[in-house]
**Q** 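One structure, as structure tokens, below. Some questions next.
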Amino acid sequence: MPSQYQPHQRFTEADRDKIAGRLRDAFADGRLDQPEFSSRLDQLYSVQTYGELEPLVRDLPPVRTYQTPAIVQNTKPTPAPGEFPERQKNKQAEQHGLRNLGGGFTGVVLINVVIWFVIGLGNGGHWPHFWPVWLLIPWAIIVMGQLGKRR
């Protein structure tokens, strides 16, 4: 019970609702069984002062208050106006730079080269015209354009 109130003072309906909520929480947590919960709830609606109210919740844990989630506690505060946070570099992009140069188009070119190779094997070593070159030309342009970009 709040310490600023005297045992002989009457409490408000809001206080009664808070205590009813504590009793419901204790019942939901298994701290009170059904008969004891009903008994305390009946007493709650018959008492009028803080002194009569305190024994109803004396053996229950204190009210749970809001706790800041751990993910929020560990974050850095926002920078002051005019300051810019340092951008973190993507280490994975640096490690796989050559593989990522052509983007998803690299896979398309490789699939077409493999198809061309399988067709050549299927023809008994008579390789057809190297038609994947028409895909390699735009791929080479894309790769050349990305090599010049600063990251």
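All figures in this text were calculated on a predicted structure; none of them were measured in a lab. Both backbone and side-chain heavy atoms feed into the values below; hydrogens, waters and symmetry mates do not.
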**Q** About how many Å separate CZ of Phe11 and CG of Leu53, when rounded to the nearest 0.5 Å?
**A** 4.5 Å
**Q** Show the nearest heavy-atom pair for residues Val113 and Phe130, with the distance to one decimal.
**A** CG2-CZ, 4.3 Å
**Q** With rounding to the nearest 0.5 Å, note down the distance linking CD in Glu52 to CG in Leu44.
**A** 11.0 Å
**Q** Using salt bridge (charged side-chain N to carboxylate O under 4.0 Å, His left out) as the criterion, list what pairs up with Asp59, not counting sequence neighbours.
**A** Arg40
**Q** Under 3.5 Å, is there a donor-acceptor pair between the Asp42 and Ser39 side chains?
**A** no
**Q** Please list, chain by chain and in numerical order, all residues satisfying side chain to side chain donor-acceptor pair (under 3.5 Å) with Ser38, sequence neighbours excluded.
**A** Gln34
**Q** Which residues satisfy the salt bridge (charged side-chain N to carboxylate O under 4.0 Å, His left out) test with Arg31, sequence neighbours excluded?
**A** none
**Q** Considering all heavy atoms of both residues, which atom of Leu23 and which atom of Leu56 are nearest to each other, and what is their separation?
**A** CD2-O, 3.9 Å
**Q** Could you tell me which residues satisfy side chain to side chain donor-acceptor pair (under 3.5 Å) with Ser46, sequence neighbours excluded, listed by chain and number?
**A** none
**Q** Nearest 0.5 Å please: distance from the CD atom of Glu54 over to the OG1 atom of Thr49.
**A** 11.0 Å
**Q** Give me the atom names and distance for the closest heavy-atom approach of Pro55 to Gly51.
**A** CD-O, 3.2 Å
**Q** Between Ile119 and Trp131, which heavy-atom pair has the shortest distance, and what is it?
**A** CD1-CZ2, 4.4 Å
**Q** Counting distance only, does the side-chain N/O of Arg24 pair as donor-acceptor with the main-chain N or O of Phe37 below 3.5 Å?
**A** no
**Q** Are Val109 and Val118 joined in one hydrophobic group, where the rule is that I, L, V, M, F, W and Y side chains link up if heavy atoms are under 4.5 Å apart?
**A** no
**Q** In Å and rounded to the nearest 0.5 Å, what is the CG to CD1 distance from Leu135 to Ile111?
**A** 11.0 Å
**Q** Working to the nearest 0.5 Å, report the span between CG of Leu60 and CG of Leu32.
**A** 5.5 Å
**Q** Would the distance check show the side chain of Trp116 and the main-chain N or O of Pro128 forming a donor-acceptor pair, the cut-off being under 3.5 Å?
**A** yes
**Q** Measure the spacing between OH of Tyr50 and CG of Asp15 and express it to the nearest 0.5 Å.
**A** 3.5 Å
**Q** Tell me every residue that passes salt bridge (charged side-chain N to carboxylate O under 4.0 Å, His left out) with Glu13, counting only those two or more places apart in sequence or in another chain.
**A** Arg16
**Q** Tell me who clusters with Leu110, hydrophobic residues only, linked when side chains sit under 4.5 Å apart either directly or through other members.
**A** none
